[in-house]
2 protein chains.
Amino acid sequence: MDNMTARTPNTQKRPFAPIIDRLREAGLRPTRQRLALARLLLEHGQRHITAESLHEEALREGIKVSLATVYNSLHQFTEAGLLHEVVVDPGKSYFDTNTSEHHHFYCPETGEISDIPGNAITLPELPEPPDGYRVGHVDVIIRLQKQGPN
Amino acid sequence: MDNMTARTPNTQKRPFAPIIDRLREAGLRPTRQRLALARLLLEHGQRHITAESLHEEALREGIKVSLATVYNSLHQFTEAGLLHEVVVDPGKSYFDTNTSEHHHFYCPETGEISDIPGNAITLPELPEPPDGYRVGHVDVIIRLQKQGPN
DNA sequence: GTGATTGCAAATCTTTTGCACTAAA
DNA sequence: TTTAGTGCAAAAGATTTGCAATCAC
């Protein structure tokens with residue numbers, strides 16, 4: 001039977017099915033806002049965002065969503081493993097759509113974050129964690145300074 | 001001549017001379033508050049503090065100082081190289097009295113920070129920083145999770 | 001329908017700032 | 001004196017929360 005082209009009601013009506021499914025798998029109802037934010041994050045190719053920047057981007061694209069909902073969604077996505085939080089600046093949270101193992105360059109002067117490919121840093125044997133704890137996640141942050149001219 | 005005991009006016013009157021000198025060298029007037037905070041930080045053996053915790057500690061010891069001054073002092077000390085800021089939690093600044101090269105364990109659940117001795121992690125060749133930047137400081141944070149019983 | 005989700009505004013928390021007052025040199 | 005430093009309270013961000021309205025199922 002002919003079920004592979006755009007004529008199929010299913011594809012017509014659910015153009016974002018993969019994202020909807022990812023939300024569902026994460027236990028999150030695919031609401032209008034969550035779906036729109038997830039699309040911005042996961043399809044739009046953007047990498048390092050703040051709640052503020054994602055909110056602005058959403059509004060620019062005509063998505064009606066409140067800043068509070070952006071915060072909630074970012075945390076829900078992070079908990080679901082769709083995002084990773086990058087802590088480089090006290091007083092501002094960055095989120096990374098790249099959840100694979102990798103580390104970051106960060107320039108405090110400009111606020112820019114960029115990825116260091118996972119294989120560009122190989123951590124040697126880690127020290128033993130203190131008793132009663134286990135290692136969760138290892139972050140390496142290389143802080144950069146703008147090079148003066150000359 | 002006899003200048004090695006407590007009789008010397010100099011030692012009598014300037015029991016905190018080393019700290020005063022460190023402040024002076026940093027271009028900071030050794031005011032009552034700064035001196036008291038510097039003593040708490042540098043002599044008291046404490047390692048990882050927040051503005052809030054240092055303020056409480058100061059008040060407990062009977063040092064009259066405002067929270068704003070604690071913030072100011074912490075940043076001045078950091079700029080002067082007497083402290084190092086540790087960024088592990090968005091929305092809270094930690095300061096470390098250990099300014100030698102080392103990294104940190106951090107438990108988000110409890111907020112505890114502890115040092116990893118500098119030589120327990122050897123970073124291999126770092127990747128080249130992007131054009132126009134140079135490497136400032138490298139932070140390695142090992143995030144811990146409390147181990148469930150059993 | 002019913003329970004989860006949202007929006008808004010208010011609340012919270014950490015940190016910074018403005019300015020009159022105080023203290024170091 | 002004179003200038004830097006301090007305290008207070010207010011301001012400024014960033015993030016969170018409470019609750020009525022709204023939406024997904």
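Protein chains get the first letters and strands the later ones, always in sequence-line order, with residue 1 at the start of each.
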Subject >> Where A:Asn98 and A:His84 come nearest, the two heavy atoms and their spacing >> reply: O-CB, 4.3 Å

**OP:** Grab the two heavy atoms, one from A:Tyr133 and one from B:Lys146, that are nearest each other, plus how far apart they are.
**Re:** CE2-CG, 3.7 Å

Subject >> Side-chain touch A:Pro130/B:Leu144, heavy atoms, less than 4.5 angstrom >> reply: yes

Original post:
Do B:Phe105 and B:Ile116 have side chains that get closer than 4.5 Å, going by heavy atoms?
Top reply: yes

Subject >> Atom-pair distance (CD on B:Glu56; C1' on C:dT14), nearest Å >> reply: 14 Å

**OP:** Whole angstrom is fine here: how far is it from CD in A:Gln33 over to C1' in C:dC8?
**Re:** 13 Å

Original post:
Which residues pass the side-chain hydrogen bond (donor to acceptor under 3.5 Å, both in side chains) test with B:Thr78, sequence neighbours left out?
Top reply: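 Not a single residue meets the side-chain hydrogen bond (donor to acceptor under 3.5 Å, both in side chains) criterion with B:Thr78.
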
Original post:
What is the per-nucleotide protein-contact pattern of nucleotides 15-25 of chain C, from the 5' end, where B denotes a base atom under 4.0 Å from a protein heavy atom, S denotes such proximity for sugar-phosphate atoms only, and - denotes neither?
Top reply: BBB-----SBS

**OP:** Give me the bend of the helix from C:dG1-D:dC25 to C:dA25-D:dT1, using the axes of the five pairs at each end, rounded to 10°.
**Re:** 30°

**OP:** Quick one: which residue pairs count as a salt bridge (Lys or Arg N to Asp or Glu O under 4.0 Å) with a foot in residues 66-76 of chain B, not counting sequence neighbours?
**Re:** none

Subject >> Segment of DNA chain D, first to last nucleotide, that comes within the 4.0 Å heavy-atom reach of chain A >> reply: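 Result: D:dA14 to D:dC25.
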
Original post:
Are B:Thr50 and B:Glu52 linked by a side-chain donor-acceptor pair shorter than 3.5 Å?
Top reply: no

Original post:
Between A:Ser66 and C:dG7, does any side-chain N or O lie under 4.0 Å from OP1 or OP2?
Top reply: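 Yes.
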
Original post:
Can you check whether A:Ser73's main-chain N or O pairs, donor with acceptor, with A:His75's side chain at less than 3.5 Å?
Top reply: no

Original post:
Between A:His48 and A:His104, what is the ring plane arrangement, given parallel below 30°, perpendicular above 60°, and tilted in between?
Top reply: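 Ring orientation, 0 to 90° scale: perpendicular.
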
Donor-acceptor list for residues 85-92 of chain A side chains, cut-off 3.5 Å, not counting sequence neighbours:
| residue | atom | partner | partner atom | Å |
| --- | --- | --- | --- | --- |
| A:Glu85 | OE2 | A:Ser93 | OG | 3.0 |
| A:Asp89 | OD2 | A:Tyr106 | OH | 2.9 |

